[in-house]
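Have a look at the structure below before the remarks.
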2 protein chains.
Amino acid sequence: MTAMAPARTCTDLSFLLDHTSHVLRSRMAAALAEIGLTARMHCVLVHALEEERTQIQLAEIGDMDKTTMVVTVDALEKEGLAERRPSSTDRRARIIAVTEKGAEVAERSQVIVDRVHRDAIDSLPDDEREVLVRALTRLSREHLGTPVEAPQVVRRARQK
Amino acid sequence: MTAMAPARTCTDLSFLLDHTSHVLRSRMAAALAEIGLTARMHCVLVHALEEERTQIQLAEIGDMDKTTMVVTVDALEKEGLAERRPSSTDRRARIIAVTEKGAEVAERSQVIVDRVHRDAIDSLPDDEREVLVRALTRLSREHLGTPVEAPQVVRRARQK
DNA sequence: TATTGTTATACTCTATAACTATA
DNA sequence: TATAGTTATAGAGTATAACAATA
């Protein structure tokens with residue numbers, strides 16, 4: 001399921017945001033899948049290209065857990081798009097180095113991402129485009145800046 | 001994790017929609033939890049109050065799977081907020097009848113939902129409020145109306 | 001044969017716990 | 001002691017498969 005449907009609600013902002021983000025996400029996933037990437041792989045590639053970054057740094061940027069990062073980097077390595085290299089300053093850390101093939105793919109994926117976003121924005125009348133982006137930016141920085149964290153799940157120890 | 005962070009992207013609409021919807025969802029969940037409801041329970045209560053509806057009808061309205069609906073109705077029954085009643089016209093179907101207590105809770109939950117939405121909208125400058133809602137409504141009806149469906153997961157048969 | 005609702009459970013996703021190597 | 005990265009897996013969420021009752 002995706003979202004809560006509207007009720008007597010003044011404006012069902014929950015529905016609007018859930019629905020639009022879900023559909024956009026599905027479009028993005030489908031578009032990136034055509035060149036064999038997930039949104040996360042794209043995200044890591046792009047930020048790893050900008051400068052030398054470790055897995056932890058890339059995980060923070062993409063708001064992923066470090067264990068999710070491991071899986072994402074595994075996928076990138078398997079496709080020959082990136083490599084783990086030892087950091088010259090910290091022998092615990094791995095720099096994610098984008099390969100030549102990875103750089104090419106990243107360029108293509110950025111075009112795809114931009115197109116999917118532009119198609120959505122351009123579907124709106126002129127006078128709504130700029131304001132939509134401005135309002136969402138403001139919300140995401142201010143009132144809807146940080147999630148209320150859900151109560152921690154206490155988990156029992158691993159077997160063996 | 002929540003969203004993909006911005007890149008060189010013109011405007012990272014994915015990030016904006018994912019982030020705002022995620023944070024709003026977390027706020028709504030926290031607010032409704034104070035009276036023991038989930039967003040789904042609220043959704044079912046409200047739509048079951050409007051008119052006589054079966055589980056399937058309520059599932060469609062809330063965009064849930066029928067098996068998710070079973071769980072949601074179980075929760076409502078356990079709390080004494082709703083009851084399953086046989087339909088007078090179709091002996092396979094169950095009408096979800098909201099109890100008196102359920103109606104009271106629904107009234108309170110609707111106040112909560114409206115407040116959470118209003119707080120978000122009111123955090124914006126006057127000139128952005130209306131346009132934001134209009135643009136999101138347009139997107140959710142038109143360009144971002146229907147998700148690209150993901151490839152079906154083929155599952156093996158149940159054991160035994 | 002098709003549909004409503006139910007149970008059982010397969011699968012995906014995410015993140016905790018525990019561990020190794022290093023700081 | 002604390003941190004980067006890894007592995008194993010627990011747990012939540014969701015939806016498919018199968019089934020009983022009924023249309």
Side-chain angles (χ1 to χ4, degrees), chain A residues 1-4 18 22 25-26 29 38-41 44 48 52-77 82-96 147 149-160, chain B residues 1-4 18 22 25-26 29 33 38-41 44 48 52-77 82-97 147 149-160:
Chain A
M1 92 132 224
T2 311
M4 192 171 66
D18 283 353
H22 174 245
R25 188 190 280 261
S26 80
T38 62
R40 275 183 190 141
M41 288 163 81
V44 169
E52 287 218 337
R53 285 185 166 130
T54 65
Q55 287 190 204
I56 286 267
Q57 290 170 333
L58 290 166
E60 252 162 49
I61 290 171
D63 196 17
M64 297 175 229
D65 190 87
K66 61 181 181 173
T67 59
T68 305
M69 191 66 203
V70 170
V71 178
T72 306
V73 175
D74 284 350
L76 289 172
E77 275 202 324
E83 290 166 8
R84 289 167 164 101
R85 295 209 187 134
S87 161
S88 51
T89 57
D90 184 340
R91 284 202 292 170
R92 293 169 305 178
R94 316 290 191 90
I95 301 295
I96 302 307
E149 74 253 59
Q152 282 274 92
V153 183
V154 188
R155 196 197 277 188
R156 66 173 214 267
R158 252 163 65 190
Q159 294 299 31
K160 283 215 212 120
Chain B
M1 88 133 226
T2 309
M4 192 173 65
D18 283 351
H22 174 245
R25 187 189 282 259
S26 81
T38 61
R40 276 184 190 142
M41 288 163 81
V44 170
E52 287 218 337
R53 285 185 166 130
T54 65
Q55 286 189 203
I56 286 268
Q57 289 170 333
L58 290 166
E60 252 162 48
I61 290 172
D63 195 17
M64 295 175 230
D65 190 87
K66 62 180 181 173
T67 59
T68 305
M69 191 68 202
V70 170
V71 178
T72 307
V73 175
D74 284 350
L76 289 172
E77 274 201 324
E83 289 166 10
R84 289 167 164 101
R85 294 209 187 133
S87 161
S88 49
T89 57
D90 183 340
R91 284 202 291 169
R92 293 170 306 179
R94 317 291 191 88
I95 300 294
I96 303 308
E149 74 253 59
Q152 283 272 94
V153 183
V154 188
R155 198 197 276 189
R156 68 173 213 265
R158 253 164 63 190
Q159 294 299 28
K160 277 207 222 142

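In what follows, every chain begins at residue 1, and chains take the letters A, B, ... in the order their sequences are listed.
Closest contact between the side chain of R40(A) and the listed nucleotides dG5(D), dT4(C), dT14(C) involves dT14(C). Comparing dA18(D), dA21(C), dA15(D) by their nearest atom to the side chain of R92(A) picks out dA21(C). You'll find that the side chain of T67(A) is closest to dA15(C), out of dA15(C), dT4(C), dA4(D). Side-chain proximity of R155(A) to dG5(D), dT14(D), dA15(C): nearest is dA15(C). Distance from the side chain of R158(B) is smallest for dT9(C) among the nucleotides dT6(C), dA17(C), dT9(C).
Summarising the geometry, the separation between CG on D65(B) and P on dT12(C) is reported as 17 Å, rounded to the nearest angstrom. In this structure, the CD1 atom of I56(B) is 16 Å from the P atom of dA2(C), given to the nearest Å. The CD-P distance, from E149(B) to dT16(D), rounds to 12 Å in whole Å. Rounded to a whole Å, the CD1 atom of I96(A) is 10 Å from the C1' atom of dG5(D). Distance, M69(B) CE to dG13(D) P: 17 Å, rounded to whole Å. R25(B) has its CZ atom 14 Å from the C1' atom of dA12(D), to the nearest Å. Between R84(B) atom CZ and dG5(C) atom P there is a gap of 9 Å when expressed in whole angstrom units. Note: CG (D63(A)) to P (dT14(C)) measures 11 Å, nearest angstrom.
For the side chain to side chain donor-acceptor pair (under 3.5 Å) with Q55(A), the qualifying choice from R84(A), E60(A), K66(A) is R84(A), the only one to do so.
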### Task
Evaluate the criterion side-chain contact (heavy atoms from CB on, under 4.5 Å) for residue pair I96(B) and Q57(B); output intermediate values, then yes/no.
CA-CA 10 Å; I96(B) 303 308; Q57(B) 289 170 333; over 6 Å; no
### Query
Please walk me through it: do T68(A) and R40(A) pass side-chain contact (heavy atoms from CB on, under 4.5 Å)?
CA-CA 10 Å; T68(A) 305; R40(A) 275 183 190 141; 3.6 Å; yes
### Query
Taking it one step at a time, do T54(B) and I95(B) satisfy side-chain contact (heavy atoms from CB on, under 4.5 Å)?
CA-CA 4 Å; T54(B) 65; I95(B) 300 294; 4.0 Å; yes
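Note on R156(B): every side-chain N or O is 4.0 Å or more away from OP1 and OP2 of dT16(D). The shortest distance between the side-chain N/O atoms of R94(A) and the OP1/OP2 oxygens of dT6(D) is below 4.0 Å. A close approach under 4.0 Å does not occur between any side-chain nitrogen or oxygen of Q57(B) and OP1 or OP2 of dT4(C). Dashed line: the shortest gap from a side-chain N or O of R91(B) to OP1 or OP2 of dG5(C) is not under 4.0 Å.
If you check every strand for non-hydrogen atoms under 4.0 Å, T54(B) touches sugar and phosphate atoms only.
Across the interface with DNA chain C, nearest-nucleotide mapping of V70(B) and V71(A) shows V70(B) to be the residue nearer the 5′ end. Heavy-atom nearest nucleotides on DNA chain D were determined for T89(B) and for V154(B), and the one closer to the 5' end corresponds to V154(B).
Between atom CZ of residue R94(A) and atom CZ of residue R85(A) there is a gap of 13.0 Å, rounded to the nearest 0.5 Å.
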